[in-house]
Amino acid sequence: MADLESSHVMLNVIKYLSTLLQRVAESNDAFISYTAQKASIFHGLTRPTISIQYYLERIFKYANCSPSCVVVAYIYLDRFTQKQPLLPINSFNVHRLLIASVLVSAKFMDDIFYNNAYYAKVGGISRDEMNLLEVDFLFGLGFQLNVTTSTFYTYCSYLQREMLLQSPPLNVIPSPLNLGRTEKLHFCVNEEGSTHQHQLTV
């Protein structure tokens with residue numbers, strides 16, 4: 001998608017994804033005490049002090065992954081939350097889920113990528129932890145890494161539409177999809193490209 005090659009557009013994609021993840025994490029933080037949640041390696045003992053947006057910008061800057069890699073990482077996060085309803089995204093795990101999703105996406109999508117030790121430095125964690133995060137994330141996805149062209153463009157269209165709604169001056173192509181905007185809902189796309197609303201447990 002040509003628009004993704006623009007640094008201005010990519011910064012806005014990162015800003016939107018960060019805002020979405022922040023909203024989801026804060027929403028789920030309120031239910032941590034009341035919902036059954038599985039302990040996982042993604043869960044930290046404390047909330048990281050670095051913001052989600054700065055963390056994602058740092059990953060994109062230093063990991064030098066392709067713009068498409070960021071979109072695919074978003075798709076992987078969506079898949080992960082569908083497959084792991086007892087691991088909702090919250091302020092204690094969102095950073096580790098992000099670094100794991102980008103790492104897996106870069107290895108699957110890009111011809112050239114950095115190793116786990118480098119990603120660990122970028123993410124502020126140890127290499128051993130990065131290795132474990134990668135393995136757990138892959139198992140959480142059920143190793144379903146393939147992203148069809150139609151699925152990729154559907155997610156791009158959704159991102160573009162949401163960015164247009166937030167920032168009308170953005171020079172991106174409006175989405176032809178009629179996807180509703182709701183804080184408590186996100187969109188799941190199956191391999192045939194159809195969309196359906198899925199209650200956020202993330």
Side-chain angles (χ1 to χ4, degrees), residues 14 17-18 20-29 31-60 62-66 68-110 113-147 151-152 155 186-191 198-202:
I14 289 171
L17 286 179
S18 303
L20 172 66
L21 288 169
Q22 184 72 41
R23 192 171 68 213
V24 169
E26 289 176 353
S27 174
N28 286 319
D29 285 348
F31 298 101
I32 286 177
S33 302
Y34 308 104
T35 56
Q37 296 186 19
K38 195 165 60 174
S40 78
I41 190 171
F42 298 103
H43 195 88
L45 296 176
T46 58
R47 291 181 178 89
T49 55
I50 184 173
S51 72
I52 295 172
Q53 181 173 338
Y54 185 77
Y55 193 68
L56 191 51
E57 286 173 351
R58 175 181 169 83
I59 294 170
F60 184 71
Y62 292 107
N64 201 31
C65 55
S66 66
S68 297
C69 171
V70 175
V71 176
V72 171
Y74 167 50
I75 295 172
Y76 287 169
L77 278 174
D78 196 22
R79 286 182 183 175
F80 186 89
T81 58
Q82 294 171 49
K83 290 178 173 295
Q84 305 299 323
L86 295 181
L87 286 176
I89 291 177
N90 56 49
S91 297
F92 294 89
N93 64 21
V94 62
H95 293 76
R96 287 177 174 84
L97 285 168
L98 265 176
I99 192 73
S101 65
V102 174
L103 169 68
V104 170
S105 175
K107 286 187 174 183
F108 191 75
M109 293 289 297
D110 295 345
F113 53 84
Y114 292 107
N115 61 23
N116 287 26
Y118 183 84
Y119 267 90
K121 288 181 181 178
V122 171
I125 56 178
S126 70
R127 184 185 61 182
D128 289 343
E129 186 176 6
M130 187 72 258
N131 292 341
L132 290 171
L133 289 175
E134 178 187 20
V135 171
D136 272 29
F137 193 77
L138 286 168
F139 274 99
L141 286 173
F143 291 86
Q144 293 184 8
L145 301 180
N146 188 50
V147 176
T151 296
F152 181 82
Y155 274 86
H186 69 153
F187 292 89
C188 310
V189 184
N190 62 29
E191 291 308 313
H198 179 74
Q199 182 66 36
L200 262 182
T201 53
V202 297

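- Between the CD atom in Glu57 and the CD1 atom in Ile50 there is a gap of 9.5 Å [rounded to 0.5 Å].
- Scanning both residues, Ser91 and Pro48, for their nearest heavy atoms gives O-CD, 3.4 Å.
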- Could you go through the side-chain contact (heavy atoms from CB on, under 4.5 Å) check for Tyr55 and Ile99 one step at a time? CA-CA 9 Å; Tyr55 193 68; Ile99 192 73; 3.7 Å; yes

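- Evaluation of the side-chain contact (heavy atoms from CB on, under 4.5 Å) rule for Phe113 yields Ala106, Lys107 as partners, not counting sequence neighbours.
- Interatomic distance, CG of Leu141 versus CG of Asp136, reported as 11.0 Å (0.5 Å rounding).
- Ser18 pairs by the side-chain hydrogen bond (donor to acceptor under 3.5 Å, both in side chains) definition with nothing, not counting sequence neighbours.
- Atom-to-atom distance recorded for Asp128:CG and Leu133:CG is 11.0 Å, nearest 0.5 angstrom.
- We find the CD1-CZ distance between Ile89 and Arg23 to be 12.0 Å, quoted to the nearest 0.5 Å.
- Closest approach of His43 and Phe92 over heavy atoms only: CE1-CB, 3.3 Å.
- Two residues are said to be in side-chain contact when any heavy atoms from C-beta on lie closer than 4.5 Å; Leu87 and Phe80 meet this criterion.
- With a 4.5 Å cut-off on side-chain heavy atoms, Leu145 and Val72 do not count as touching.
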- Can you check side-chain contact (heavy atoms from CB on, under 4.5 Å) on Leu20 and Val24, steps first, answer last? CA-CA 6 Å; Leu20 172 66; Val24 169; 4.2 Å; yes

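- The minimum heavy-atom distance between Cys69 and Ser105, with the atom names listed, is O-OG, 2.7 Å.
- In this structure, CD1 on Ile52 lies 5.5 Å from CG on Leu21, to the nearest 0.5 angstrom.
- Residues satisfying the side-chain contact (heavy atoms from CB on, under 4.5 Å) test with Phe60, not counting sequence neighbours, are Met10, Ile14, Cys65, Val70.
- Asn131 meets the side-chain hydrogen bond (donor to acceptor under 3.5 Å, both in side chains) test with Asn116; sequence neighbours excluded.
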Only distances under 3.5 Å count here; give the side-chain donor-acceptor pairs of residues 117-125 to other protein atoms, sequence neighbours excluded, each with its distance to 0.1 Å.
unit_1	atom_1	unit_2	atom_2	d
Tyr118	OH	Tyr62	O	2.7

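- To the nearest 0.5 angstrom, Ser101 atom OG is 7.0 Å from Ile59 atom CD1.
- Looking only at distances, no side-chain donor or acceptor of Asn93 sits under 3.5 Å from a matching main-chain atom of Phe42.
- Counting only distance, with no hydrogens or angles, the side chain of His95 and the backbone of Gly44 share no donor-acceptor pair below 3.5 Å.
- Between the side chain of Thr151 and the backbone N or O of Val147, no donor-acceptor pair lies under 3.5 Å.
- Taking 4.5 Å as the limit, every side-chain heavy atom of Asn90 sits out of range of all side-chain heavy atoms of Arg47.
- A perpendicular orientation is assigned to the rings of Tyr155 and Tyr74, their planes being inclined by more than 60° (bins at 30° and 60°).
- The list of salt bridge (Lys or Arg N to Asp or Glu O under 4.0 Å) pairs with a residue in residues 81-103, not counting sequence neighbours, reads Arg96-Glu129.
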